[in-house]
There are 2 protein chains.
Amino acid sequence: MTIKFESYLQSHANFNESDLKRISSLAEPRVLHRNDFLLMEGEICRHKTFIVKGMLRVFGTRTDGSEHILLFSPEHTWTLDAESYDKQIPSRCNIAAVEESEVLMWTKSDFDKLLAEIPLLKSLSEQLISRAIHNSRQRLLSALSATPEEKYNDFIRDSPALMKRLPLRMIAAYLGISLKTLTRIRHAQLHR
Amino acid sequence: MTIKFESYLQSHANFNESDLKRISSLAEPRVLHRNDFLLMEGEICRHKTFIVKGMLRVFGTRTDGSEHILLFSPEHTWTLDAESYDKQIPSRCNIAAVEESEVLMWTKSDFDKLLAEIPLLKSLSEQLISRAIHNSRQRLLSALSATPEEKYNDFIRDSPALMKRLPLRMIAAYLGISLKTLTRIRHAQLHR
DNA sequence: GAAAAATATGGTCAAATGACTACGTTTTTT
DNA sequence: AAAAAACGTAGTCATTTGACCATATTTTTC
């Protein structure tokens with residue numbers, strides 16, 4: 001499983017062979033079935049996780065049981081609850097598999113070691129953080145200002161591949177609209 | 001103006017006198033009047049800015065002219081458009097003063113120098129980034145899942161001080177609801 | 001392969017929301 | 001101090017949205 005991960009790393013920066021092996025050696029592989037949880041609300045996020053294959057979702061739940069999805073993490077992305085991981089405090093969100101997935105996990109202490117040892121990893125990590133910030137800002141702006149139809153169109157435009165792999169109810173939970181509204185939009189677009 | 005800034009820095013980490021002076025020496029002070037822009041959509045965000053006094057808002061505008069506020073930056077916080085600043089590309093949001101404000105600004109190249117020179121500043125900066133991520137995640141979750149009244153109550157609970165300084169229309173623009181809905185909620189809460 | 005679960009759609013109805021407008025009050029500007 | 005701008009509230013009305021429910025279809029599970 002680490003081979004795919006190593007080629008991902010290679011494609012992002014010029015890691016040498018020993019760095020690659022060193023990073024991989026501390027990873028713990030895991031297979032997740034549909035709806036298996038990587039992290040449950042209230043638990044402490046002890047690992048940084050790379051998705052080798054499949055897709056996870058990060059979501060919050062409300063008292064009535066409804067899900068609200070913060071982001072999807074498909075293959076070749078990283079995932080964690082940053083707040084819980086950084087401070088090692090209980091998480092307020094969940095991470096679960098959307099589909100059969102393979103992941104690699106590093107404990108915080110191991111990953112911190114790697115960051116200190118390997119400057120290239122540190123800088124990659126900073127890039128990813130900066131992308132995550134930007135991503136969540138864009139999403140906030142969209143949540144605040146876009147109409148349901150705009151959100152849906154933006155999602156199709158930006159993530160056509162995910163679109164095909166996700167059930168509509170998750171897309172609705174991601175866009176912050178009801179499933180009913182989503183099917184209405186789709187219906188309207190068919191007849192235009 | 002730099003004295004307040006230096007005591008802010010002191011309160012967050014044990015900077016020595018020469019570091020403080022070094023950091024301050026590269027800052028450019030600026031006074032902003034109400035509605036003065038620090039950054040306009042399309043411009044490149046060339047500075048990292050610390051708010052000494054007053055309050056700024058970071059917001060996007062839509063084609064119809066409506067404003068949607070991503071966050072408020074009161075005194076003793078930092079502000080910038082991270083994407084535009086990091087990559088030095090045109091910004092997609094605006095930053096303007098809510099009230100009379102005093103700020104300190106560093107160019108990216110100067111600040112990068114400081115980060116490299118002063119490890120303590122680097123680690124403070126990482127802390128702030130992590131807080132910003134967490135903040136924007138919480139906000140996204142709230143935007144996706146909370147009702148207008150919940151959003152309003154959360155805002156009063158979390159930011160009672162800002163509440164008093166902001167006109168309602170900005171609070172509405174921040175919560176992603178119409179001014180009408182906001183006054184309705186306030187009206188309902190009065191009669192309960 | 002059969003049973004069970006999840007999915008996508010749509011009808012109906014009540015409630016929530018926003019656009020427009022108006023008006024009296026407060027704040028800011030000059 | 002006077003004029004102008006911004007502010008907070010509220011009435012009305014059309015539209016959007018969600019809750020609840022039913023159903024046909026597809027996918028998953030065992």
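Each chain gets a letter, A, B and so on, in the order the sequences are listed, and its residues count up from 1. Not measured: the values here are computed from a predicted model. When reading the values below, keep in mind they use all heavy atoms of this one structure, side chains included, and skip hydrogens, waters and symmetry mates.
- For R139(B) and Y174(B), the positive end sits near the middle of the six-membered ring, less than 6.0 Å away and at most 45° from its axis.
- Without hydrogens or angle criteria, E99(A) side chain to R34(A) main chain gives no donor-acceptor distance under 3.5 Å.
- Here I129(A) contributes atom CD1 and W78(A) contributes atom CH2; the two are 11.5 Å apart, rounded to the nearest 0.5 Å.
- The shortest non-hydrogen separation linking F50(A) to H76(A) is CZ-CA, 3.5 Å.
- Only I177(B), S178(B), K180(B), T181(B), R184(B), listed by number, bring a heavy atom of residues 174-184 of chain B to less than 4.0 angstrom from any atom of DNA chain C.
- For H191(A) and dT9(C), the NE2 to P distance is 11 Å, given to the nearest whole Å.
- Distance check, rounded to the nearest 0.5 Å: CG of L70(A) to OG of S136(B) gives 9.5 Å.
- A close approach under 4.0 Å does occur between a side-chain nitrogen or oxygen of H187(A) and OP1 or OP2 of dG10(C).
- Going from atom CG of D64(B) over to atom P of dG18(C) covers 13 Å, rounded to whole Å.
- Where DNA chain D meets chain A (any atom under 4.0 Å from a heavy atom), the bounding nucleotides read 5' to 3' are dT17(D) to dT28(D).
- Side-chain N or O atoms of S130(B) include none that pairs as donor or acceptor with a backbone N or O of E126(B) at under 3.5 Å.
- There is a side-chain donor-acceptor pair under 3.5 Å between E149(B) and Q189(B).
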Please tabulate, one pair per line, each protein N/O and nucleotide N/O from nucleotides 4-7 of chain C that are separated by under 3.5 Å, including the distance.
| residue | atom | partner | partner atom | Å |
| --- | --- | --- | --- | --- |
| dT7(C) | OP2 | R169(A) | NE | 2.5 |
| dT7(C) | OP2 | R169(A) | NH2 | 3.4 |

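- Here the P atom of nucleotide dT17(C) and the OH atom of Y152(B) are 15 Å apart, to the nearest Å.
- Between the side chains of E41(B) and S91(B), no donor-acceptor pair is found at a separation under 3.5 Å.
- Between the side chains of E67(A) and N94(A), not a single donor N or O lies within less than 3.5 Å of an accepting N or O.
- Two rings, from W106(B) and F5(B), have their centers less than 6.0 Å apart.
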